[in-house]
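Within every chain, numbering begins at 1; the chains are lettered A, B, ... in the order of the sequence lines, protein sequences first and strands thereafter.
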Amino acid sequence: MYHYQDFDRDFVKDRVSEFRTITQRRIDGVLSEDEYKPFRLQNGLYLQLHAYMLQVAIPYGTLSSRQMHKLADIAERWDKGYGHFTTRQNIQFNWMKLADVGDVLEALSEVDMHAIQTSGNCIRNVTADHFAGCAPDEIEDPRMVAELLRQWSTAHPEFAFLPRKFKIAVSGAPNDRAVIAFHDIGIQIVQNRDGETGYRILIGGGLGRTPLIGQELSAFVPKADLLCYLEAVMHIYNRYGRRDNKYKARIKILVQENGLAQTKAQIDAYFAQIKKTHRPLSETLLRKIKDDFALPNLSKASAFDLEAQMALSPAFARWAGQSVHAHRDENHVSITISLKKQGATPGDASTAQMRVMAELAKAYAYDELRVSHEQNIILPHVPKEHLLAIYQALQEADLAAANIGLVSDIIACPGLDYCSLATARSITIAQQIATHFEGLKTEYDIGPMKIKISGCINACGHHHVGHIGILGLDRAGVENYQITIGGDGTQDAAIGERTGPGFSYEQIIGAIDRIIAHYLAKRTGKDESFLAYYKRVGITPFKEVLYHA
Amino acid sequence: MPDVNSTSINLTGIYVTDNGFAAYKALTPIRAVTVEEAPEDLDEVLNGIAEVHISFASPADGRGFSTARCLRDRGYQGRVIAVGGLVCDQYRHARQSGFDGVLISQEQAAKMPERHWLEQANRVAVNYRAQIYA
């Protein structure tokens, strides 16, 4: 992983001292909340329903054990003993006291971390495939370009006061695990016919109140041109993006209103102008990034027969069946640690659990962890021979839920339990769905299923791309949950289709149950996934069971 | 004074540069460039113009940074000044986007004293570009 240089470290330290100075002016009453707000947002500090929330940046979700330990220390000392991993591969602490935040940022800086640009109308934390560097289908590790983008976008002078926030995701493989089609800019690493590696660029995707699938802005941008090309994209957005209405200010609306052709023409023209004088990338930096993201020195195999071990222990087999993923090295696997134990808050980890995960990474997995946008933790490189030991340690830490990719592996936003924008609860809906199907013992029979829940129209829970999406709204003071079906955040990007009128808080679990029961009864067999079934039959049969049964 | 669109140009105030506050002295001729104008259309208009003023409607509206950047990309070499709603925390952004300085009112100066601007002026040289580009 990327190791900070002096410049990175000095930059973060300076931000901490700047934060302390300006926050002290707020505490002393020299600054009003309104005057303080833009500044605190640029440093990741939100004001939520009950308290300040600090969102800490985890660039492209990659962490060392030392960094994970520090997050645990922060949760223990300054929060309530837990943290919440987010869909931006970050972590948020929900119970911060303003007077403590400077100390928290100082603690983060000790392990080369910060909370810069996790909020505000700027380029946010760049996300990437959580299996970067280990996925067998990968062309190139997307974190190398994500790191370059981190440096380029950090404190970029021209793009700190954009019309609205700006999110970039990178995938290094044809199978998209980074939801690139639903980002302001999606970057896919591709090879052209000459075998040269470059970037396919998608623009204008997004969720929120206007869900749109990103369109192809360029089929191939050569490596050397990427930053210059993105400067052109951002420049055109900064100049022409709407500022009259915050709900129409994302780049997706600019592309939608002006059309892809006009937007592309503007970008291409500006790109041609700045390319003439654009400085080449530093070879030193590119070499360092390449070295930093090289695969760890993978251990040679000692004999371990995964299949035989799975045959010996059904519980281990069930866990391994969901949590173990193929690695590009045949003696290694990647492991997803579920933060979705049925009945728990999706994405939450306690101080003790963070420490266990850090220690496992250190002892068995080359000292590296990842946060997935699906709000789980990943050990990217694990020698197969350590699987049993890891499984046992996870069991002891209450982290061995064998539900990755299943009906209880739910993405949920914080909703009305924390968020000042929320119109409905989402965490309790996730908890109830998970325990409902656990009680029925149908989770494994249902098979691959992505349920995603948002507690307001801003769609932080990604409900539009859930196989089943749930959107919690407020109808005259009463929570009301709309259902969408058939959303897909992968390379087959699709926006879920609304079934019809919403359901009350009391009715929604029953409605989800009817959807699943219908699918189980009518599928051709276990080989036909929920999504495949929906694609075959459409939404009508689901409407029948929801509204006419 | 042969400025082109003088009604929109403020000729009083305090000029903030890396050296701190000074009384503003205009370089003429001056042209105000609005953020709605496309710099691409202004090459001839700006020929012979000594000073360009770019106005910020509010601290949240960052279009002026792109206007300045684009003018510099097109080779404009006169003085470029930010006027209007910038706050001292944005001094760094202005300088790094191609502005030479910021023109503020007496009221702004009273609210944001010189030392706050100088603090940000010290950050002008600190940016990732030195590390990223050869």
Side-chain angles (χ1 to χ4, degrees), chain A residues 5-8 10-11 14-15 17-18 21-22 25 30 35 37-39 42 120-122 148-163 227-228 231 234-241 243 246 266 269-270 273-286 288-289, chain B residues 33-41 43 54 56-76 82 84-99 108 111-113 115-116 119-120 122-134:
Chain A
Q5 309 190 71
D6 289 346
F7 176 81
D8 303 273
D10 293 346
F11 178 82
D14 180 56
R15 267 302 182 96
S17 82
E18 185 188 25
T21 308
I22 296 180
R25 282 186 222 149
V30 178
E35 289 167 322
K37 185 178 172 186
F39 178 79
Q42 282 165 30
N121 293 334
C122 54
L148 191 62
L149 295 179
R150 180 192 73 81
Q151 299 196 16
W152 163 76
S153 62
T154 298
H156 195 297
E158 191 184 346
F159 309 130
F161 303 93
L162 297 167
L227 290 191
C228 185
E231 293 251 332
M234 300 308 303
H235 179 88
I236 294 304
Y237 171 55
N238 194 35
R239 275 170 64 176
Y240 299 111
R243 292 173 187 267
K246 78 180 263 200
Q266 288 174 321
Y270 189 68
Q273 178 183 313
I274 60 176
K275 190 171 153 55
K276 284 179 275 186
T277 55
H278 207 265
R279 287 153 63 192
L281 297 170
S282 154
E283 288 296 331
T284 315
L285 178 66
L286 292 179
K288 171 179 165 50
I289 289 177
Chain B
V33 172
T34 70
V35 291
E36 282 84 17
E37 287 180 284
E40 290 85 350
D41 301 334
D43 291 348
I54 299 172
F56 286 77
S58 82
D61 187 339
R63 283 179 290 178
F65 299 122
S66 283
T67 303
R69 161 88 196 275
C70 192
L71 287 177
R72 293 301 192 198
D73 284 334
R74 301 189 71 80
Y76 180 72
L86 286 191
V87 296
C88 55
D89 299 333
Q90 293 172 306
Y91 180 78
R92 166 184 83 74
H93 304 79
R95 288 282 288 114
Q96 292 174 349
S97 297
F99 287 98
Q108 284 172 299
K111 203 170 165 222
M112 294 176 277
R115 64 188 164 84
H116 291 176
E119 206 175 282
Q120 293 302 330
N122 287 330
R123 296 193 164 94
V124 169
V126 180
N127 70 79
Y128 267 98
R129 279 175 290 185
Q131 180 161 311
I132 294 175
Y133 299 110

Where does A:I274 contact chain B at under 4.5 Å (heavy atoms): side chain, backbone, both or neither? side chain

Check this for me, if you would: do A:R239 and B:E40 make a salt bridge, where the nitrogen-to-carboxylate-oxygen distance has to be below 4.0 angstrom? yes

Portion of A:L286 that has a non-hydrogen atom of chain B nearer than 4.5 angstrom: neither

Contact origin within A:Q273 toward chain B - heavy atom pairs under 4.5 Å: side chain

Let me know if A:R279 has heavy atoms under 4.5 Å from chain B in its side chain, its backbone, both or neither. both

Taking B:V35, B:T67, B:D89, B:D61 one by one, which has the highest count of heavy-atom pairs under 4.5 Å against chain A? B:D61

What part of A:N121 lies closer than 4.5 angstrom to a heavy atom of chain B: side chain, backbone, both or neither? neither

Trace of the side-chain contact (heavy atoms from CB on, under 4.5 Å) decision for A:S282 with B:Q131: CA-CA 7 Å; A:S282 154; B:Q131 180 161 311; over 6 Å; no

Flag side-chain contact, heavy atom, 4.5 Å: A:M234 against A:W152: yes

Under 6.0 Å from the NZ atom of A:K288, do we count more than 12 heavy atoms belonging to anything else shown? yes

Can you tell which part of B:R95 gets under 4.5 Å to a heavy atom of chain A, answering side chain, backbone, both or neither? neither

Step-by-step side-chain contact (heavy atoms from CB on, under 4.5 Å) determination, B:Q90 to B:F56: CA-CA 11 Å; B:Q90 293 172 306; B:F56 286 77; over 6 Å; no

Measure up the B:F65 and B:F99 rings against each other and bin them: parallel (under 30°), tilted (30 to 60°), perpendicular (over 60°). perpendicular

Are B:Y128 and A:D8 side-chain neighbours, meaning at least one heavy-atom pair lies under 4.5 Å? yes

Answer yes if the side chains of B:Y76 and B:D43 hold a donor-acceptor pair under 3.5 Å, and no otherwise. no

Which bit of A:E18 comes within less than 4.5 Å of chain B, counting heavy atoms only: side chain, backbone, both or neither? both

Contact class of A:D10 relative to chain B, heavy atoms under 4.5 angstrom: neither

Part of B:A94 within contact of chain A (heavy atom distance under 4.5 Å): neither

Most contact-rich option vs chain A, by heavy-atom pairs under 4.5 angstrom, among B:E36, B:E119, B:R129, B:H116, is B:H116

Best-contacting candidate, A:H156, A:Q42, A:E231, against chain B by heavy atom pairs under 4.5 angstrom: A:E231

Does one side chain, of B:S97 or A:E158, offer a donor that lies under 3.5 Å from an acceptor on the other? no

Using non-hydrogen atoms only, which part of A:L227 is less than 4.5 Å away from chain B: side chain, backbone, both, or neither? side chain

